[in-house]
Amino acid sequence: MLLQKKIKEEIQIILKSEFPELTEENLKAIQVDASKSSSYGDFSTTCSLAFAKVLKKAPILIANQIKNNLEEKLSDIYSIEVAPPGFVNFTLTNKGFNELVKSLNKDELIEKNTDKAPILIEYVSANPTGDLHMGHGRGAVVGSALASIVKATGRQVGTEFYINDAGEQIQKLGQTAWSLYSKEPSQSDQYPPELVEPYTKDLKEGLSFDELTELVKNKILEKQKKVLSSLKVNFDRWISEKNDLHNNGKLTGALNKLKEANLTYSKDEALWFKSTDLGDERDRVLVKSDGRATYLAGDIAYHLNKFERYEEALNLWGADHQGQEVSMQVALKALGNNPDKFQILFIQFVSLVENGQELKMSKRQGTLITIEEVLEKVGPDAFRFFLLLSHVNNRLAFDLDLALRTDDQNPVFYVQYAHARACSILRNATTSQVDGEEAICSIDEIDNAVESEEIFNKCFDEKLSEQEIQATKNLILKLSFFNDEIQRSADNLNPSGVAHYLIDLANLFHSFYSHCRVLDYENKTLTLARLSLIRAFQRILKTGLETLLITAPERM
RNA sequence: GCACUUGUAGCUCAGUGGAUAGAGCAACCGCCUUCUAAGCGGUCGGUCGCAGGUUCGAGUCCUGCCAAGUGCGCCA
């Protein structure tokens with residue numbers, strides 16, 4: 001078990017016995033974090049500050065109580081300082097650092113927690129009427145990374161893409177396709193023909209309008225799947241509005257539920273949802289006067305179905321869909337679902353910057369930049385990493401020039417390079433050299449090295465420079481917070497923390513690399529000690545990158 | 001007009017109510033006889049949009065204002 005977790009548990013035991021008025025929830029919230037500055041030790045906790053009010057006691061007294069109780073217990077692992085107004089700071093001994101690296105090499109890197117309810121993440125859900133653009137790309141990247149992170153923490157996750165293949169947009173697509181296919185004059189309000197044309201080539205003759213529409217839709221969908229898959233985005237299920245809701249009675253079922261709950265009325269030959277009564281700004285149409293269901297009706301049916309299968313649901317929607325949120329929330333609530341279990345993240349727009357200029361984009365003029373175009377230039381890893389760096393609530397300027405560069409300006413290369421360097425060291429250590437020199441050691445020797453405090457202490461030998469020792473400690477400390485970072489990202493449903501963590505980690509590794517020579521035939525003990533740290537680093541960086549669905553190359 | 005989101009270094013962005021607000025890029029100065037210089041070290045750079053409030057403590061929470069983006073269809 002990681003040292004900070006051990007410390008946390010000790011504090012919980014102390015506070016529980018000293019202050020029985022603290023609730024389980026209070027105790028659970030205790031955090032042992034990295035200290036802000038090395039002058040405050042290695043780990044610190046602010047729990048005495050947080051509990052001062054509940055306990056009606058000066059924080060410094062609580063802090064001292066923690067210190068006095070904890071001090072004798074593990075004095076070979078850390079020393080404790082209390083700083084006003086009530087911080088408790090822990091400074092690790094060499095043995096403490098050894099314990100950390102041991103855990104990082106032996107334990108599961110990401111703690112599994114199965115208490116949390118299964119969650120369904122719906123994302124992308126673009127219309128099957130054209131190419132996916134960068135806004136979809138952002139949703140795709142964030143959604144897939146999020147699903148992966150949450151899954152890594154042991155929680156059950158399902159992912160779905162909802163295909164809006166039953167509405168008016170698909171009709172318009174059909175009309176455009178039809179005029180291209182039948183050479184009949186085009187009607188108004190259609191899709192730009194040049195965007196549809198590639199899908200109407202080489203079709204057999206004699207197709208009906210519906211057959212043609214279905215065929216073109218499927219071709220577009222296949223292309224979307226292909227593009228997503230090259231971004232490493234795959235879904236557990238693709239839900240078709242037409243086949244999975246309209247044609248099998250689920251839509252009618254949902255409408256009946258709303259009717260039974262007396263939440264609908266008829267007006268102007270349309271069926272309306274009395275959403276104003278429930279807090280919406282106006283009533284919404286469910287079935288249009290031509291007898292077709294609206295998008296909202298289908299979406300309500302879909303979400304009712306989601307909650308039959310999952311306890312919680314998360315949607316990643318484009319910012320242009322924010323008007324739907326209230327209607328959906330009130331509908332679900334009115335039909336007996338807990339609104340706290342349904343959450344929507346709105347993806348703000350991505351703009352593209354090239355040569356320092358923001359590119360003007362318009363769907364109608366066909367100047368919308370597609371995922372494919374950007375992906376072709378920068379590749380999936382840079383594509384993913386850049387879009388993961390900022391929170392979806394924030395508008396994002398994607399700098400094509402920067403992402404195109406394959407040098408140190410591009411953070412994804414910086415991180416991947418750190419991994420390649422670590423692999424290179426491990427490879428050089430464990431394989432015999434071209435000049436016939438034997439390998440320094442085997443993987444087993446490295447794994448065993450960390451078990452020996454004597455070997456590991458070489459990392460902190462007094463003959464080493466202060467810089468070397470500090471670089472080593474900094475790297476170990478950062479590594480020890482990998483699990484915390486993953487858990488926090490999973491809890492907050494925000495993968496950007498992991499991406500930033502990996503940059504910081506790579507930074508500390510590069511610093512360690514330049515200060516600390518690892519392979520040294522003259523000093524095998526120090527070499528082994530440092531290799532055990534490199535091994536932990538490599539394992540964690542690889543896991544981190546792969547959790548974000550980004551490759552961790554062994555050579556670059 | 002109303003609703004949602006955003007406002008932090010020249011630029012792109014991090015920042016769980018806790019200590020001295022961070023990173024990358026840009027600018028400037030150094031570092032390759034040794035494991036990958038796609039790297040490292042250093043300098044410069046901030047009234048955290050503005051004004052109040054809550055708190056022992058606010059970039060973080062609340063209110064108002066200002067600015068930007070988005071939404072306000074029998075489109076999806």
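Here the structure is a predicted model, which means the values were calculated and not measured. Labels below follow one simple rule: chain letters A, B, ... track the order of the sequence lines, proteins then strands, and each chain is numbered from 1.
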Margin query: Looking at the base of A19(B), is there any donor atom on it, or on the side chain of Ser44(A), that sits under 3.5 Å from an acceptor on the other one?
Written below: yes
Margin query: Taking only side-chain N and O atoms of Tyr417(A), does any of them lie within less than 4.0 angstrom of OP1 or OP2 on C40(B)?
Written below: no
Item checked: Separation of C32(B) C1' from His515(A) NE2 (nearest whole Å) -> 15 Å
Sub-3.5 Å pairs of nitrogen or oxygen atoms, protein against nucleotides 29-31 of chain B:
none

Item checked: Euclidean distance, atom CZ of residue Arg138(A) to atom C1' of U12(B) [Å, nearest integer] -> 12 Å
Check: Tell me, which pairs form a salt bridge (Lys or Arg N to Asp or Glu O under 4.0 Å) where one or both residues lie in residues 482-503 of chain A, sequence neighbours left out?
Finding: Lys116(A)-Asp491(A), Glu485(A)-Arg488(A)
Next item on the list: Report which part of the nucleic acid Leu389(A) touches: base, sugar-phosphate, or nothing (heavy-atom distance under 4.0 Å, all strands).
Entry: sugar-phosphate
Next item on the list: Please report, rounded to the nearest Å, how far the P atom of G41(B) is from the CG atom of Asn474(A).
Entry: 10 Å
Check: Taking atom NZ of Lys458(A) as the centre, does the number of heavy atoms from other residues, nucleotides or ligands within less than 6.0 Å exceed 12?
Finding: no
Notebook entry, point to check: Out of C40(B), C13(B), U36(B), which has the shortest distance to the side chain of His500(A)?
Noted result: C13(B)
Note to self: Is it true that His303(A) and Asn315(A) share a donor-acceptor pair across their side chains at a distance under 3.5 Å?
What the structure shows: yes
Any protein N or O atoms within reach of nucleotides 57-63 of chain B? Criterion: under 3.5 Å, listing atom names and distances.
none

Next item on the list: Please report, rounded to the nearest Å, how far the C1' atom of C11(B) is from the CZ atom of Phe398(A).
Entry: 16 Å
Item checked: C66(B) to A14(B) separation - P atoms, rounded to the nearest Å -> 26 Å
Note to self: Tell me which pairs pass side chain to side chain donor-acceptor pair (under 3.5 Å) where either residue lies in residues 524-533 of chain A, with sequence neighbours left out.
What the structure shows: Glu445(A)-Lys524(A), Glu468(A)-Arg530(A)
Note to self: Is the positively charged end of Arg421(A) above the ring of Tyr513(A), judged by distance under 6.0 angstrom from the centroid and angle within 45° of the axis?
What the structure shows: yes
Note to self: Run the side chain to side chain contact (heavy atoms under 4.5 Å, CB included) test against Ala301(A) and tell me which residues pass, sequence neighbours left out.
What the structure shows: Leu245(A), Leu251(A), Ala254(A)
Margin query: By the definition side-chain hydrogen bond (donor to acceptor under 3.5 Å, both in side chains), identify the one residue from Gln538(A), Glu554(A), Arg555(A) that meets it with His419(A).
Written below: Gln538(A)
Check: Between Arg488(A) and Ile503(A), which is nearer to the 5' end of RNA chain B once each is assigned its nearest nucleotide?
Finding: Arg488(A)
Notebook entry, point to check: Of all the choices, C40(B), C35(B), G18(B), which nucleotide is nearest to the side chain of Arg517(A) once you look at every atom?
Noted result: C35(B)
Item checked: Atom-pair distance (CZ on Arg421(A); P on U34(B)), nearest Å -> 13 Å
Note to self: Suppose you measure atom C1' in C75(B) against the same atom in G15(B); what distance do you get, rounded to whole Å?
What the structure shows: 39 Å
Item checked: Plane angle bin for Phe398(A) and Phe383(A) - parallel if under 30°, tilted between 30 and 60°, otherwise perpendicular -> tilted
Next item on the list: Produce a footprint string for nucleotides 69-76 of chain B: one letter per nucleotide, 5' end first; B if the base is under 4.0 Å from any protein heavy atom, S if only the sugar-phosphate is, - if neither.
Entry: SBSSSBBB
Next item on the list: Remember a base hit wins even if backbone is also touched, and classify Ala397(A) as base, sugar-phosphate or nothing at under 4.0 Å, heavy atoms.
Entry: sugar-phosphate
Notebook entry, point to check: What is the distance, rounded to the nearest whole Å, between atom NZ of Lys478(A) and atom P of A14(B)?
Noted result: 16 Å
Item checked: Distance below 4.0 Å between Ser424(A) side-chain N/O and C35(B) OP1 or OP2 -> no
Margin query: In terms of relative ring orientation, are Phe43(A) and Phe481(A) parallel, tilted or perpendicular, with 30° and 60° separating the classes?
Written below: perpendicular
Notebook entry, point to check: Which residue pairs pass the salt bridge (Lys or Arg N to Asp or Glu O under 4.0 Å) test with at least one member in residues 40-52 of chain A, sequence neighbours excluded?
Noted result: none
Item checked: Gap in Å between the two P atoms, one belonging to A23(B) and one to G41(B), rounded -> 11 Å
Item checked: Rounded distance (Å) that lies between atom P of C35(B) and atom CG of Asn428(A) -> 9 Å
Notebook entry, point to check: Which sits closer to the 5' end of RNA chain B, Ser37(A) or Val326(A), going by the nucleotide each is nearest to?
Noted result: Val326(A)
Check: How far does the C1' atom of G42(B) sit from the matching atom of U6(B), given to the nearest Å?
Finding: 35 Å
Note to self: Can you tell me which nucleotide in G41(B), A38(B), G18(B) comes closest to the side chain of Met556(A)?
What the structure shows: A38(B)
Next item on the list: Check the pair Glu214(A) / Lys217(A) against salt bridge (Lys or Arg N to Asp or Glu O under 4.0 Å), numbers first and verdict last.
Entry: CA-CA 5 Å; Glu214(A) 187 70 13; Lys217(A) 179 200 88 183; 3.4 Å; yes
Margin query: Using a 3.5 Å limit for the pairing distances, which stems of at least 3 consecutive Watson-Crick or G-U wobble pairs does RNA chain B take part in?
Written below: B:1-7 with B:66-72, B:10-13 with B:22-25, B:27-31 with B:39-43, B:49-53 with B:61-65
Item checked: Partner residues of Asn164(A) under the side chain to side chain contact (heavy atoms under 4.5 Å, CB included) criterion, sequence neighbours left out -> Asn127(A), Tyr162(A), Glu241(A), Tyr295(A)
Checklist line | From CD1 (Ile347(A)) to CG (Leu387(A)), nearest 0.5 Å | finding: 10.0 Å
Item checked: Distance test, side-chain N/O of Tyr513(A) to OP1/OP2 of A37(B), below 4.0 Å -> yes
Notebook entry, point to check: Looking only at side-chain N and O atoms, does Asn507(A) come under 4.0 Å of OP1 or OP2 in G24(B)?
Noted result: yes
Note to self: Between Glu81(A) and Tyr40(A), is there a side-chain donor-acceptor contact under 3.5 Å, judged purely by atom types and distance?
What the structure shows: no
Margin query: Using a 4.0 Å heavy-atom cut-off, does Cys516(A) contact any base of the nucleic acid, only the sugar-phosphate backbone, or nothing at all?
Written below: base
Next item on the list: Could you list all the salt bridge (Lys or Arg N to Asp or Glu O under 4.0 Å) pairs where at least one residue sits in residues 284-300 of chain A, not counting sequence neighbours?
Entry: Glu168(A)-Lys288(A), Asp280(A)-Arg284(A)
Next item on the list: Using the C1' atom on both, measure C29(B) against G53(B) and round to a whole Å.
Entry: 47 Å
Checklist line | Any N/O donor-acceptor pair, Asn89(A) side-chain to A19(B) base, under 3.5 Å | finding: yes
Note to self: Quick test of the criterion, 5.5 Å between centres and less than 30° between planes. Is Phe87(A) stacked on A19(B) or not?
What the structure shows: yes
Next item on the list: Tell whether Ser39(A) reaches the base of U20(B) with its side chain through a donor-acceptor pair below 3.5 angstrom.
Entry: yes
Next item on the list: Quick one: classify the glycosidic conformation of C32(B) as syn or anti, with syn meaning within 90° of 0.
Entry: syn
Check: Between U5(B) atom C1' and Glu325(A) atom CD, what is the distance in whole Å?
Finding: 11 Å
Next item on the list: For Ser424(A), enumerate each residue passing the side chain to side chain contact (heavy atoms under 4.5 Å, CB included) test, keeping only those at least two apart in sequence or located in another chain.
Entry: Arg427(A), Asn428(A)
Checklist line | Those residues that, when tested against Ala58(A), pass side chain to side chain contact (heavy atoms under 4.5 Å, CB included) (two or more places apart) | finding: Ile60(A), Leu61(A)
Next item on the list: Could you give the distance separating U12(B) and G1(B) at their C1' atoms, to the nearest angstrom?
Entry: 34 Å
Next item on the list: Quote, to the nearest angstrom, the C1' distance that separates A9(B) from A26(B).
Entry: 12 Å
